[in-house]
Amino acid sequence: MKTTDQAAATASAKWVAYYRVSTKSQNLGLDAQRAKVQRAAAESGAEIIAEIKEKESGKENNRPELNRALAEAKRHGATLVVAKHDRLSRDLSFAAELVFKSGVKFEILNLAPEAMTDPLMFGVYFGLAAREAQL
């Protein structure tokens, strides 16, 4: 059960949702990501203030829409929310740079909160995403 302080903090949470697919033919993947983020927002009481979609390989680090999502999150003091870790990146070092050094708070819905603070867990998840991209 949430305390009053926790409920107030959650109720005022702002989210910037970032959705990514690798190819133009994967539009259903965007819909699934959006549904997952909207469900999580409804359950937590968070407000989605922006939804940003991108069609770009997760191996690419120069992604204009990801940069826009980061800027929106910073501008509003919002959390950048991603449905699944491999939608953020399939490059371990790039993902670590984003999460730990960008100054933006991240919520990755398929990861336990500990994975966002434990470098070993973080490395395992994003290392596997990088390996999947290689295969």
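In what follows, every heavy atom counts, from backbone to side chain, and hydrogens, waters and symmetry copies are set aside. All residue numbers refer to positions in the sequence shown, counting from 1.
- For Leu66, the side chain to side chain contact (heavy atoms under 4.5 Å, CB included) test picks out Tyr18, Glu54, Arg63, Leu70, Leu88, Phe94, Leu98, with sequence neighbours left out.
- For Ala35, the side chain to side chain contact (heavy atoms under 4.5 Å, CB included) partners two or more places apart in sequence, or in a different chain, are Arg39.
- Under the rule for a side chain to side chain donor-acceptor pair (under 3.5 Å), the partners of Ser93 that lie at least two apart in sequence or sit in another chain are Asp91.
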task = Kindly determine whether Ile49 and Glu72 satisfy side chain to side chain contact (heavy atoms under 4.5 Å, CB included), including the steps that lead there.
result = CA-CA 9 Å; Ile49 61 168; Glu72 283 294 304; 5.6 Å; no
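- Atom NZ of Lys36 sits about 11.5 Å away from atom CZ of Arg87, to the nearest 0.5 Å.
- Counting heavy atoms from C-beta on, the side chains of Val82 and Arg20 never come closer than 4.5 Å.
- Glu132 meets the side chain to side chain donor-acceptor pair (under 3.5 Å) test with Arg90; sequence neighbours excluded.
- Identified under the side chain to side chain donor-acceptor pair (under 3.5 Å) test for residues 98-112, with sequence neighbours left out: His85-Asn110.
- Leu128 is linked by a side chain to side chain contact (heavy atoms under 4.5 Å, CB included) to Val124, counting only residues two or more places apart in sequence or in another chain.
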key: Stepwise side chain to side chain contact (heavy atoms under 4.5 Å, CB included) check, Leu92 with Phe122   = CA-CA 9 Å; Leu92 172 58; Phe122 185 90; 4.2 Å; yes
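- Within the model, atoms CD of Glu56 and OG of Ser22 stand 8.5 Å from one another, a figure rounded to the nearest 0.5 Å.
- By the side chain to side chain contact (heavy atoms under 4.5 Å, CB included) test, Arg68 pairs with Ile52, Glu65, sequence neighbours left out.
- Under the rule for a side chain to side chain donor-acceptor pair (under 3.5 Å), the partners of Tyr19 that lie at least two apart in sequence or sit in another chain are Glu51.
- Interatomic distance, OH of Tyr125 versus CG of Asp118, reported as 10.0 Å (0.5 Å rounding).
- Atom CD1 of Ile108 and atom CE of Met116 lie 3.5 Å apart (nearest 0.5 Å).
- The structure places CG of Asp31 at 8.0 Å from CZ of Arg34, a figure rounded to the nearest 0.5 Å.
- Scored by the side chain to side chain donor-acceptor pair (under 3.5 Å) test, Lys84 finds Asp86 as partners (sequence neighbours excluded).
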